[in-house]
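Worksheet: one structure, shown below.
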Amino acid sequence: MDAQTNGGAEEYSVENVEKALHQLYYDPDIEHKNTAQKWLMRAQVSPEGWNFSWVLLSLDRAPEIQYFGANALQTKISRHWADIPAEQYEALRSQLSARIALFSDGPRMVLTRLCVALASLALHTIPDSWPNAVQDLVQCFPPGPALLELLTVLPEELHTSRLPQYRKSLVRAAISQTGPTSVFPLLLRLLDQAENSQDEAVGTGAALGPKVLRCFSSWLLLDIPLSECEALVMASFRALHQPELFEMASDALVHAISQPDAHRYVNTLLKLVPAVLQLEELLRHAVQNGDMESTHGLCRVILALGQNHARTLLEQTAHWQSFLALVNMVMYCTGIPGHYPVDEMTSSLTLTFWYTLQEDIGSMERERKTMYLQVYRPVYFQLVDVLLYKAQFPTDSEYATWSSDEKENFRIYRVDISDTLMYVCEILGPELLGNWYDKLGRLLTAPTQPTAWQQTEAILYGFQSIAETLDVNHSDVIPGLLGLIPRISVSNVQLADTIMFTIGALAEWLADHPVMLSGVLPLVLQALSNPDLSVSSVSTLKKICRECRPDLAPYAPSIMAVAQDVLIKQIHKQTPANRLAIIHILGLLSNLFTTLNIGPNDTEQDGTGAMPKPPGQGPHPVVVVLQQVFQLVQKLLAKWINDSQVVEAVCTVFIKSVKTLVDDFGPMIPQLSEMLGQMYSTVPQSSALELTRELVHIFAKDPTHDVTVKLLFLHMIAVTLAVFERGPRDHPDIVDSFMQLLLQALKRKVDLFIADNCDFKALFHCGLISLKFPEGPTVKSACGFFTELLPHCATVPAIGQVVHDEGRLLLETILEAIGGQAPRILMDNFADVLFYINKHCFAYLPIWLKETLQRPDFPSAYVTPEQKNTFSQQILRERVSKRKVKDIVKEFTLLCRGLHGTEYAADY
């Protein structure tokens, strides 16, 4: 390739192109391949491309060489059309047509590129230079693969072309007019031949069938009216019965029926309903034979009509029975036997249909709505039975064989079913609860053979799905349901989980009927001890605590005792399941301390959000409980200190407690500070810094605890500085939290920094490092640190000295970011820092700017010395308006990035 990179006209010769292609395809060296690819891309757009392309398309060349020649032609025509003189249009068209005829039998990839090239030429010349392009193509080429490929790529090329919008609309209108008159009759004739091809003599017609249907789908991109496609649509229905045409036929039908304006052609839609109903036998045959692909394709066709045009068809009340038959076909698809997604993949497609149908019925005028509700309420009751059947888990042995992806897809499928059931309630109302309650009662009291747990679980899942949306207060079955739940024999984790989530869904009802708490809380607390049920039991208990808070005082000791007992049991079992259980129990504790008033006087919270402190001088009851839990937390950390999520959960317990109790948290400060310092020294984690930030926020000015908080703050600084010395890049969360801690301390009490062992220069450099992180939140926090630091230049000598010594480095870092090193979305944050430098370091800034910006190509090679000088003057003049500084920075960063005046930057 060395000779090919020296420039000159001979560079892009046929011989060199062939050598480069050989290197691209056969050289094992990846660097050589990359070099060849770049060279070939330049060759493709060179003026010489017009010459070597035709030579490469000779039949004696290898297919990959022919392909490059065809692709070069297509690239020249589509992207460099302006280079072609108008008098050469016809000659170019003739040459392309001749090459297409030459390659009509393949290779397919070469034929396709040539067809795309001719299609691109047509788009540039319709309707001015070549008004009858489509008709000419149909007449020029014999009915066969080449013509079909041409007609297929023409609408596709228009769809993806870079033509101006006005030109695109003009060409679209001209082409779409020729579809019904020139293209569709040809496609219909060829499709009829394909259907009638029964022997080898006419086998060509059968081979063309898929290509004909693909071509039809392509022309549907032009939004040709459904009424003008009617004959081809009906032919596509017939093609569904031929296995080799099925896939293309189903795609074509879905595209045709789903066109945005198809609803306007009511008569055609009414003709399609019987055609879809006639597919029932084909559908049942596919289901019985386990043909998942055919089942899926047929369901798509059924839904294309039913889902997209439900309202239009409902309005034709004279045809209500045929539409009901169509709805029953959808019902059959919803209830396809087998478990999703292992045995079938189709039923999930239908769920949106039921919501659409319900919305369309609900939005009709009263008389029609009443009539259709009478017709479809029984259908929706049937749907509920089908959905609960489909939501059932497989047998334990079968479920054990499922992959993790299959289990996750089944979980998502059940969520979709739950959403559908929630919508269905609007039609069926409380009567649905009554039906489920009766079924559950029969299952649990049946004297015959024991019921499979899957049926019980599915009914409870139905209750869970609708309990939070239906007005259950008007239903008399909930007390009975809660009375039945303890009678369920639980032998399975999935069933136990659903019981928990069902109780949680009824938390609002329990708040209005607190007498029922004594029946369900023991079940929840019992589940709390099972690590496998930690998610569901903790979630349920959180909901109960939130909704039923005024009535939980009698149960508070039991809840806390069980939670502590669970933690004690899980501490020493370092397994994934136990780890998850610990995290969830800690989450529960943090929730309890903020929502559960465990004091003797159950009064409302005050306006601060803190729980009321009972009369007397003793500590707050939550603090008492926290002190009891504290030793347990210490033991927990001793075992799990290296697990960031466990540590985060522990810190969250105290963060929420501090926010809730505010000043009442004071008695916990000494022991918590000691534990926090030891914990952070052992394994630095961001959650510990976040907890320290809360303590600084609330207690930094408290004369009782300010010394303790300051010692903790300085200790956290020392440990974090060691993290920076080792290299902070792998710990963006720690860097972010550290910047926020420093920011909070500067806001709250700058005296926290005044100490012999506090190195302001080191903190300043930590901020500079943080400004260069790729993570946006970290950079924003670092900018916040500097905007709080700079105003203290005049009042804190140590800060003033550091800024005097290191301020030029800060300015340089800010300008590098503005120059293109940081995303544009962060420019406002950097502009804030620049504003505060100008406001509080005005004596130094002109010198720093002059020294920094005089460097060549800094902060970008795109800006001239004049532009840099203008930027400096604008910044130095503006010391009042942050908004103006941000506008100046935005303008300058666009210049630095070479984007000023471009469309890309227009909305910036």
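Residue indices begin at 1 and follow the sequence shown.
- Looking at Tyr340, its side chain never comes within 3.5 Å of a backbone N or O of Thr346 through a donor-acceptor pair.
- Within 6.0 Å of CD in Glu293 there are 12 or fewer heavy atoms belonging to other residues, nucleotides or ligands.
- No donor-acceptor distance shorter than 3.5 angstrom exists from the side chain of His296 to the backbone of Met292, with no hydrogens or angles considered.
- Between the side chain of His513 and the backbone N or O of Trp509, at least one donor-acceptor pair lies under 3.5 Å.
- Between Gln455 and Lys439 there is no side-chain heavy-atom pair separated by less than 4.5 Å.
- The nearest pair of heavy atoms linking Ala458 to Gln392 is CB-CG, 3.7 Å.
- Between Ile466 and Trp436 the shortest side-chain heavy-atom distance falls below 4.5 Å.
- Using a 4.0 Å cut-off between charged nitrogen and carboxylate oxygen, Glu690 and Arg693 do not count as a salt-bridge pair.
- Note on Arg414 versus Glu457: salt bridge recorded, some NZ/NE/NH1/NH2 to OD/OE distance being below 4.0 Å.
- Using modelled atom types, no side-chain atom of Asn328 and backbone atom of Met331 make a donor-acceptor pair closer than 3.5 Å.
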Side chain to side chain contact (heavy atoms under 4.5 Å, CB included) between Leu517 and Leu552: does it pass, once the steps are laid out? CA-CA 9 Å; Leu517 282 170; Leu552 283 181; 4.2 Å; yes
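- Looking at heavy atoms from C-beta onward, Thr334 lies in side-chain contact with Leu383 at the 4.5 angstrom threshold.
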For Lys369 and Leu373: C-alpha separation, side-chain torsions, deciding distance, then whether side chain to side chain contact (heavy atoms under 4.5 Å, CB included) applies. CA-CA 6 Å; Lys369 179 179 177 180; Leu373 283 177; 4.0 Å; yes
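- Between the side chain of Ser536 and the main chain of Leu533, a donor-acceptor pair closer than 3.5 Å is present.
- In this structure, the separation between CG on Leu588 and CD1 on Ile583 is 14.0 Å, given to the nearest 0.5 Å.
- Side-chain contact of Tyr413 with Ser347: a donor-acceptor pair under 3.5 Å is present, judged by distance alone.
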Stepwise, does the side chain to side chain contact (heavy atoms under 4.5 Å, CB included) test hold for Leu510 with Leu482? CA-CA 10 Å; Leu510 288 168; Leu482 292 175; 3.9 Å; yes
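- A heavy-atom distance below 4.5 Å is found between the side chains of Ile503 and Ile485.
- In this structure, OG on Ser534 lies 7.0 Å from CD1 on Ile585, to the nearest 0.5 angstrom.
- In the model, Asn492 has a side-chain atom that pairs as donor or acceptor with a side-chain atom of Gln494 under 3.5 Å.
- To the nearest 0.5 Å, the span separating OG1 on Thr445 from CZ on Arg487 amounts to 6.5 Å.
- Pairing each heavy atom of Asn642 with each of Gln685, the nearest pair is C-NE2, 4.3 Å.
- For Arg377 (side chain) and Ile427 (main-chain N/O), a donor-acceptor pair under 3.5 Å exists by modelled atom type.
- For the pair Met500 and Val524, the tightest heavy-atom approach, listed with the atom from each and the gap, is SD-CA, 3.9 Å.
- The two atoms that bring Cys548 and Ala511 nearest to each other are SG-N, 3.6 Å, heavy atoms only.
- Side-chain N or O atoms of Thr498 include none that pairs as donor or acceptor with a backbone N or O of Tyr461 at under 3.5 Å.
- Atom CD of Glu408 has more than 12 heavy atoms from other residues, nucleotides or ligands within 6.0 Å.
- Judged purely by atom type and a 3.5 angstrom limit, Ser737 has no side-chain atom pairing as donor or acceptor with the backbone of Ile734.
- Put simply, CG on Leu586 and CH2 on Trp640 are 11.0 Å apart, with the number rounded to the nearest 0.5 Å.
- Note on ring orientation: taking the six-membered ring where Trp is involved, the planes of His339 and Phe410 are perpendicular (angle over 60°, cut-offs 30° and 60°).
- Ion pairing of Glu280 with Arg284 is present here, as a side-chain N (NZ or NE/NH1/NH2) and a carboxylate O approach within less than 4.0 Å.
- Of all the heavy atoms in Ser518 and Pro522, the pair that sits closest is O-CD, 3.2 Å.
- Asp396 contributes atom CG, which lies 7.5 Å from atom OG of Ser491 (distance to the nearest 0.5 angstrom).
- Residues Leu695 and Leu676 are in side-chain contact: their nearest non-hydrogen atoms beyond the backbone lie under 4.5 Å apart.
- The residue from Phe353, Trp354, Tyr355 that alone fulfils the ring-ring contact (aromatic ring centres under 6.0 Å, His included) condition with Tyr423 is Tyr355.
- Salt-bridge formation is detected for the pair Asp565/Lys569: a Lys NZ or Arg NE/NH1/NH2 atom is positioned less than 4.0 Å from an Asp or Glu carboxylate oxygen.
- The two residues Leu349 and Gln307 have their closest heavy-atom pair at O-OE1, 4.2 Å.
- Here Glu406 does not pair with Arg411 in a salt bridge; the nearest charged N to carboxylate O distance is not below 4.0 Å.
- Considering only heavy atoms from C-beta on, Val650 stays 4.5 Å or farther from Leu691 through its side chain.
- Between the Gln454 side chain and the Pro394 main chain, a donor and an acceptor come within less than 3.5 Å of each other.
- The existence of a salt bridge linking Lys390 and Asp416 is excluded, since no basic side-chain nitrogen approaches an acidic carboxylate oxygen closer than 4.0 Å.
- Partners of Val562 according to the side-chain contact (heavy atoms from CB on, under 4.5 Å) rule, which considers only residues two or more places apart in sequence or in another chain, are Leu525, Leu528, Ser529, Val566.
- Annotation: side chain of Asp736 is not in contact with side chain of Ser686 (no heavy-atom distance under 4.5 Å).
- By the 6.0 Å and 45° rule, Lys407 stacks over the aromatic ring of Tyr399.
- Checking side-chain atoms of Ser294 against main-chain N and O of Asp291 turns up no donor-acceptor pair under 3.5 Å.
- Put simply, CG on Asp497 and CG on Asp532 are 8.5 Å apart, with the number rounded to the nearest 0.5 Å.
- Relative orientation of the Phe323 and Tyr376 rings is perpendicular, given thresholds of 30° and 60° on the angle between their planes.
- Between Leu632 and Ile571 there is a side-chain heavy-atom pair separated by less than 4.5 Å.
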Under the side chain to side chain contact (heavy atoms under 4.5 Å, CB included) criterion, do Leu283 and Cys333 qualify, and how do the steps go? CA-CA 9 Å; Leu283 174 64; Cys333 293; 3.8 Å; yes
